[in-house]
J.: 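First the structure, which I've put down as structure tokens, then a few questions once you've had a look.
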Amino acid sequence: MIIEPKTRGFICLTAHPTGCEQNVLSQIEYIKSKPTTEQPKKVLVIGASTGFGLASRITSAYGSNASTIGVYFEKPPSEGRPASPGWYNTAAFEKQAHKDGLYAKSINGDAFSNEIKEQTLKLIKEDLGEIDLLIYSLASPVRTHPNTGERFKSVLKPIGGTFKDNTVDFHTGEVKEISIEPSSGDDIKNTVTVMGGEDWQMWIDLLKSANVLTKDFKTVAYSYIGPSLTEAVYRKGTIGRAKDHLEATAFKITDTLKDIDGKAYVSVNKALVTQASSAIPVIPLYISLLYKVMKEEGIHEGCIEQIERLFSERLYANEVPLDTEGRIRIDDWEMRDDVQAKVLELWKEATTETLPSIGDLDGYKTDFFNLFGFNVEGVDYDKDVNEMVDIPGLQ
Ligand code: NAD
Ligand code: NA
């Protein structure tokens, strides 16, 4: 079939297999251009199909020839209906990894559930025996609690007061003020339940009790801080409470890993266009200005550049550099004073008329469509493609 982008709000309902494959191959090429390292060797990535998780899987496999198991939640294709992008990404990754003689298998299902955890443990036991790294890169709006069956929804709301600032509709380029009502009721608790650290801890507890974690095992979850501009909706909003909880969980997990000298880290990553971040108000305007400044400074990175740097210069450096709160920082270039000062200046000038020149709206849009395999260089979108793609290592 011919597959075209079909957008609704900040999501795209279709995905292109060839474009997704091309994105994955480019990320693989990037990692192959870097020196090969010794670690990690056996890696479990939760949220492995898109964004930072996919980049973590690719960095593991092609940076140090690691065996990888990926867990993700993606929609398979059906006749005439393309799969979700993470499905095609995973298919492309596993196809290439197998060609290159790398172990790569995956599990598609709800990572929050006991069933998927048990299935993953079984696969680790059968095939790898143990793992030395677990990357936790879930971004989900909902979680069904495995013990009670209760379904929780996370919300993106400020806490304490109404938030008003500009945002951009990146499809139309319209810059306009939005107003978001503060959280109420159980909003904070629910968001923490979905995006906080409880599920990460559950994964570790299960795998630890089954003795499948190596000595010196490491685990990393991803967080975000960002500037004062987005603070009210992000870091000091409901999602920020969940990130606080995730960060606190890292210390708890490190405690539970003491006897195997294991360590849990949170890595604070840069703001990037992903399916998760395009849903957050204000962030698209911030990102389009940030991209402009970072590209001008020659310090722009995508997920793969970020994670390559995380592995080579942080996680597997002689000593893991941490901030005063004990976190890994790879948002260091985004948060540079000169970068933030420029973004703040641009923010004041940003209107529907000025944004195309003072911001990188095109870069934002390209990245957005790239997530779904569209607007990818070198792909012929007029060519018929088979939407029914299999994932070779899918269990
Ligand atoms: P993403 O949407 O690209 O990836 C989310 C992944 O989670 C996908 O692989 C998806 O299949 C998987 N997933 C979602 N629900 C699942 C479920 N129930 N079971 C199994 N898998 C499930 O998002 P991302 O932006 O790469 O986010 C990953 C992490 O990085 C998040 O914690 C996010 O907060 C953090 N982060 C993102 C940014 C950013 O700007 N995008 C910046 C810093 C940190
Ligand atoms: Na390499």
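All values below come from the heavy atoms of this structure, side chains included, with hydrogens, waters and symmetry mates left out. Both counts, for ligands and for their atoms, begin at 1 and track the order of listing. Throughout, numbering of the chain's residues begins at 1 and tracks the sequence.
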J.: Indicate yes or no: does R309 engage E301 in a salt bridge with an N to O separation below 4.0 Å.
T.: yes

J.: Once you measure the plane-to-plane angle for F170 and Y364, does it fall in the parallel (<30°), tilted (30-60°) or perpendicular (>60°) bin?
T.: tilted

J.: Could you find the nearest protein heavy atom to atom 43 (C) of ligand 1 and give me its residue, atom name and distance?
T.: S223 O, 3.1 Å

J.: Suppose I only count heavy atoms of A271 and a 4.0 Å limit; which atoms of ligand 1 are within that range?
T.: 40 (O)

J.: Any nitrogen or oxygen of Q275 lying under 3.5 Å from a nitrogen or oxygen in ligand 1? Just yes or no.
T.: no

J.: Any donor and acceptor pair, going by atom type alone, linking the side chain of K41 with main-chain N or O of S64 inside 3.5 Å?
T.: yes

J.: Centre of F217's six-membered ring, under 6.0 Å away, within 45 degrees of the axis: is that where NZ or CZ of K208 sits?
T.: no

J.: Which ligand 1 atoms are under 4.0 Å away from a heavy-atom of A48?
T.: 9 (O)

J.: When the ring planes of Y136 and W200 are compared, do they come out parallel, tilted or perpendicular, using 30° and 60° as the limits?
T.: parallel

J.: Would you mind telling me which of R241, K252, R235 makes a salt bridge (Lys or Arg N to Asp or Glu O under 4.0 Å) with E247?
T.: R235

J.: T274 to ligand 1: N or O pair under 3.5 Å?
T.: yes

J.: I'd like to check which ligand 1 atoms, numbered from 1 as shown, lie under 4.0 Å from a non-hydrogen atom of D110.
T.: 17 (C), 18 (N), 19 (N)

J.: Tell me the nearest of G53, A139, S277, A111 to atom 14 (C) of ligand 1, using heavy-atom distances.
T.: A139

J.: Among protein heavy atoms, which lies nearest atom 12 (C) of ligand 1, and at what distance?
T.: G47 CA, 3.8 Å

J.: Does S84 come within less than 4.0 Å of ligand 1, judged by its heavy atoms?
T.: no

J.: For S137, counting its heavy atoms only, list the atoms of ligand 1 lying under 4.0 Å from any of them.
T.: 5 (C), 6 (C), 7 (O), 28 (C), 29 (C)

J.: Please confirm whether R143 approaches ligand 1 to less than 4.0 Å, judged on its heavy atoms.
T.: no

J.: Hey, is ligand 1 close enough to F73 that some N/O pair sits below 3.5 Å?
T.: yes

